[in-house]
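In what follows, a structure is listed as structure tokens, so that the remarks can point back to it.
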Amino acid sequence: MKTILVAGGAGYIGSHMVVHLIENGYNVIVADNLSTGHRAAVKDAPLYVGDIRDAAFLDRIFSENSIDGVINFAACSLVGESVKKPLKYYANNVMGSVSMLDAMRRHGVDKIVFSSTAATYGEPEKQPIEEGDRTEPTNPYGATKLAIEEMLKWSSEAYGIRYAALRYFNAAGAAPEHGIGEDHAPETHLIPIVLQAALGKRSHIGIFGQDYPTPDGTCIRDYIHVKDLARAHHLALEHLENGGESGVFNLGSGTGYSVKEIVDSARRITGRPIPAKIEPRRPGDPSTLIAANKKAEAVLGFKPQYDLDVILADAWAWHSGHPDGFGDRA
Ligand code: UDP
């Protein structure tokens, strides 16, 4: 049985990864500092609580377990916060990955699947966005992820560590059958906020701008189910296990929905009215982000299975069943 270290495994995407790997016969070890993750999101795997920047912490994990590969979700991931606190993002994201790669090198672990982001592209030159398109991040969050991608490339050449860097578009949905879903504080993402408005926990959803150059004037994004994301990481891991080449892959559905379309679909799925108000644009939001997803399909064999209705239905099942998330906030 292979053993995988999932760093950030108590977080939103990481916790879905842990469940997926266990279901697929892997032994899973979780490392998380619980700064934004939830202990209750880690159901059936040992949890090491600590910071991946701490070399002694990683040495303990790699010595106590025979780790075959690493999936690293441990990072700060709020675009707006990154603009206000760039050093926090460089310190946490870049230094965390330096520390993880160095521990892998010391302990002879040679495979890593890394959480990257569509924010590495910045303002796209065309749609859908391909992996070889220009990368000019417009915020520190995207810049730190791009810096780590570069570091992976050089580490791969120098130390023989092979990697898959997965550039997510908009992760959404939940796995209500496993009692896990999205729980951020503060919540900034569209779908959870829309569903909180459906639950009456917010008075309305504010739509950030309706003067974008899109058919209904609101921003278009490419939403991908978190369970599809987990499966894509598994396929990327298998690709590396089978000796496949390192690379960067978009993970998206290839289909875009506007903010208004999301709100309308959420009204239909929940049967709730969901009041909406037009508000000013949010600084730094590109008008449209849609993934070209053929490379992941061709190289990893990955094709998303779940459409927007399933994403919204699963997210709704989680939020309506857990209106206070994991219920672990003071
Ligand atoms: N959005 C919105 N109201 C909100 C939160 C988000 O109109 O309360 C919009 C946001 O401007 C963007 C889209 O919804 O166009 C998706 O935003 P989110 O923060 O979920 O993801 P991002 O694309 O920024 O990673």
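First listed ligand is number 1; within each ligand, the first listed atom is number 1. Note that the numbering runs from 1 along the sequence shown for the chain.
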Where S63 and H107 come nearest, the two heavy atoms and their spacing: OG-CE1, 3.9 Å
Identity and separation of the nearest protein heavy atom to atom 9 (C) of ligand 1: V259 CG2, 3.8 Å
Report, in ascending order of atom number, the atoms of ligand 1 lying under 4.0 Å from any heavy atom of I193. 8 (O)
For atom 3 (N) of ligand 1, find the nearest protein heavy atom and state the residue, atom name and distance (0.1 Å precision). G206 O, 2.7 Å
Quick check: does C219 get an N/O under 3.5 Å from an N/O on ligand 1? no
Pair N65, T3: side-chain N/O donor-acceptor within cut-off below 3.5 Å: no
Any donor-acceptor pair under 3.5 Å linking the side-chain atoms of E81 with those of Y141? no
Before signing off on this row, confirm whether L190 and ligand 1 have an N or O atom pair separated by under 3.5 Å. yes
Working note: Y12 + H189, criterion ring pair (Phe, Tyr, Trp, His ring centres under 6.0 Å); need CA distance, chi angles, decisive distance, verdict. CA-CA 12 Å; Y12 171 44; H189 295 114; 7.8 Å; no
Should we count NZ of K303 as having more than 12 external heavy atoms under 6.0 Å? no
Hey, does the Lys NZ or Arg CZ of R282 hover above the aromatic six-ring of F208, less than 6.0 Å from the centre and inside 45° of the axis? no
Is the contact between H189 and ligand 1 made by the side chain, the backbone, both, or neither, using heavy atoms and a 4.0 Å cut-off? both
Which one holds for T188 and ligand 1: side chain close, backbone close, both close, or neither close, with close meaning a heavy atom under 4.0 Å? backbone
With heavy atoms only and a cut-off of under 4.0 Å, state how I191 meets ligand 1: side chain, backbone, both or neither. neither
Return yes if a side-chain donor-acceptor contact under 3.5 Å exists between Q127 and T288, otherwise no. no
N or O contact, I207 vs ligand 1, cut-off under 3.5 Å: no
Is the positively charged end of R167 above the ring of Y121, judged by distance under 6.0 angstrom from the centroid and angle within 45° of the axis? yes
To which protein heavy atom is atom 11 (O) of ligand 1 closest, and what is the distance rounded to 0.1 Å? D285 OD2, 2.5 Å
Look at atom NZ of K260 and say whether more than 12 heavy atoms of other residues, nucleotides or ligands are closer to it than 6.0 Å. yes
How far is atom 25 (O) of ligand 1 from the closest protein heavy atom, and which atom is that? N170 ND2, 3.7 Å
Option nearest atom 1 (N) of ligand 1 (shortest heavy-atom distance, choices F208, Y223, F169): F208
Any N or O of R221 closer than 3.5 Å to N or O of ligand 1: yes
Check contact between V79 and ligand 1, using heavy atoms of the residue and a distance below 4.0 angstrom. no
In this structure, which one of E177, Q305, H178 forms a side chain to side chain donor-acceptor pair (under 3.5 Å) with K227? E177
What protein heavy atom is closest to atom 19 (O) of ligand 1, reported as residue, atom name and distance in Å? R282 NH2, 3.0 Å
